[in-house]
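All chains are named by letter (A, B, ...) in the order of the sequence lines, taking the proteins before the strands, and each is independently numbered beginning at 1.
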2 protein chains.
Amino acid sequence: MNVGHPALEKFVARLLRRSTLSTEEVQALLHLPCRVAQPQAHFDIVYPGETVNHACLVAKGLVARFDQMRDGKRQIAAFHIPGDMCDLHSVVAPTAGWGISALSPSTVLFLSHAELRKLAIAYPNVALSFWRDGTADASVLAKWVGNLGRQDARSRLAHLLCEMGVRLELAGLGTRTSFVLDATQEQLADALGLTAVHVDRTMQALRREGLLATHGRTIDVVDWQCFAEAADFDPAYLLLGLPTRAGATQGLKMGRGMSSAA
Amino acid sequence: MNVGHPALEKFVARLLRRSTLSTEEVQALLHLPCRVAQPQAHFDIVYPGETVNHACLVAKGLVARFDQMRDGKRQIAAFHIPGDMCDLHSVVAPTAGWGISALSPSTVLFLSHAELRKLAIAYPNVALSFWRDGTADASVLAKWVGNLGRQDARSRLAHLLCEMGVRLELAGLGTRTSFVLDATQEQLADALGLTAVHVDRTMQALRREGLLATHGRTIDVVDWQCFAEAADFDPAYLLLGLPTRAGATQGLKMGRGMSSAA
DNA sequence: CGGCACATTGACGTGCATCAAACCGTGTGG
DNA sequence: CCACACGGTTTGATGCACGTCAATGTGCCG
């Protein structure tokens, strides 16, 4: 057991990107006790359906939240990079259907629900920031639903890469046009609702189009504008106050009449 | 402007299904002021990308949160039934990428963010219950990601119907095996990432198999067990403490080694 | 050097999209 | 009371994006 692990700073930095916290609140967060673990790639940190009494903070590596079908097929619902709490929501819902798995060799911190809840109750503002953090995750999920439901493989893959680029850049782990995404094509396939084979072919297509270059697991986006275009990517859903693609989706379709009965 | 609308009771009932609240807290919630509107079917209540200063509570009808692509195609990310707050999360994130649309003729209440935030700060326990409510929505989103990514049309449709059955039953609007889902096949298609044509054919297949019967927009599930089986449905993700399908997804796949460095 | 995880390739099958037309119930106006 | 328009459902013909299976290539590590 450990108090005030340096990775907590990354988490606080993430919260501060969307919420304002007082020095006292920040200090309280930074002094949370934690336990550290270093799962290797493919290790399941939390099994689907398990009840936990701690939340999981990523310090290093790439971690995913996934849903598992009866036949064993997996669908990744979220990627988590250093500074992310995979399951902060487990504080208010300790049993759920998902699992958490390390995609690459990682370092994770376990923070007790009791301690986190204590903070949320003592500092209403911290509670709001936790809620807001969860809302941001949910917004990403909603966007993934849109991607899976209404875009083809090319757009889906491009969108995922755009998202990870922006998030990794903000986390200080590269730039949106050049970053390391430490996942196998099979893991990407699990996130995109595709097969590894098709992810490979799609990746090749993007390379052939000159939109993308890869060196090992480093992704280089050649022309961000074109690429974001191909991805139908608008960073608004990340809830980071980033500049929105002008007039993108606003008011495309008018509804028809709404009798007000105030 | 209206104070203490009866539909607030449904919302409080929804919160109480997952959280415990004191009488005082309940009273405070029940006395929230609101504005009422009655959108007809297809009316867009909130446009994608709009900034709002109120949250939207469904009193009657069927309402959806949706994501819109550049080409105008829509993907529904969540259905909302009476008692649901479509966008409680907008209290902590007033601008986001989604839109909200009435699928059938509905009644909705608008509750001011300021008032809701005031409650959340005054009563930490209410803040937790709001956070928990948002978490439940997020859990449903994650499940939808799984469905869209890894199940075929038949399972997806069946799963959606299972979910709506259970939710409508809990809201007192039918039973899980017999309920009204007031959406067109096109709207279902927008939720399932399919086309209306294919939804129709899939529905017919389920009827032919004897799993389902429909009368207008009333759904009758013939054999819940078989149907839930076909849907790969396990209600755990609804976070309602419902009985879980025995040993469904637990520990299907073992991970491999995790060097502990506590 | 051999083994292993991952990437890549090719041949082939299929689930769902697309397009276009017909059908059906319901409300509306002549 | 019929005609017709309208939103929604149903049907059929055709095509393609992606899945499946199976083999081969490639870099890394012991």
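Listed by chain and residue number, B:Arg154 satisfy the salt bridge (Lys or Arg N to Asp or Glu O under 4.0 Å) test with B:Glu209 (two or more places apart in sequence, or in another chain). Residues satisfying the salt bridge (Lys or Arg N to Asp or Glu O under 4.0 Å) criterion with B:Asp87, sequence neighbours excluded, are absent altogether. Not a single ring pair (Phe, Tyr, Trp, His ring centres under 6.0 Å) links B:His80 to another residue, sequence neighbours left out.
Between A:Arg14 and A:Asp137, at least one side-chain nitrogen of the basic residue sits less than 4.0 Å from a carboxylate oxygen of the acidic one, meeting the salt-bridge criterion. Ion pairing between a basic and an acidic side chain is recognised when a charged N comes within 4.0 Å of a carboxylate O; B:Asp190 and B:Arg74 show no such pairing. With respect to B:Lys10 and B:Asp84, no salt bridge is recorded, no charged nitrogen being found less than 4.0 Å from a carboxylate O.
One can place CG of B:Leu103 at 15 Å from C1' of D:dG7, the figure rounded to the nearest angstrom. C:dA5 atom P lies 18 Å from atom CZ of A:Phe43, rounded to whole Å. A:Leu157 has its CG atom 13 Å from the P atom of C:dA7, to the nearest Å. Nucleotide C:dC16 holds its C1' atom 14 Å from the CG atom of B:Leu148, rounded to whole Å.
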Where protein sits on nucleotides 24-30 of chain D, one letter per nucleotide: B base, S sugar-phosphate only, - none, heavy atoms under 4.0 Å: -------
Heavy atoms under 4.0 Å is the rule here; annotate nucleotides 8-20 of chain D 5' to 3' with B where the base is hit, S where only the sugar-phosphate is, and - elsewhere. SSSBBB----BSB
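Residues B:Thr107 and B:Gln38 bring a donor and an acceptor atom of their side chains to less than 3.5 Å of each other.
Environment of CD in B:Glu169: crowded, with over 12 heavy atoms of neighbouring residues, nucleotides or ligands closer than 6.0 Å.
Annotation: the terminal axes of the helix from C:dT8-D:dA23 to C:dG30-D:dC1 meet at 30°, where each axis is the rotation carrying the C1' atoms of four end pairs onto the next four (5 pairs per end, rounded to 10°).
In this structure a side-chain-to-backbone donor-acceptor pair under 3.5 Å is missing from B:Arg65 to B:Ser101.
Aromatic rings of B:Tyr237 and B:His159 (six-membered ring for Trp) have centroids within the 6.0 Å cut-off, being under it.
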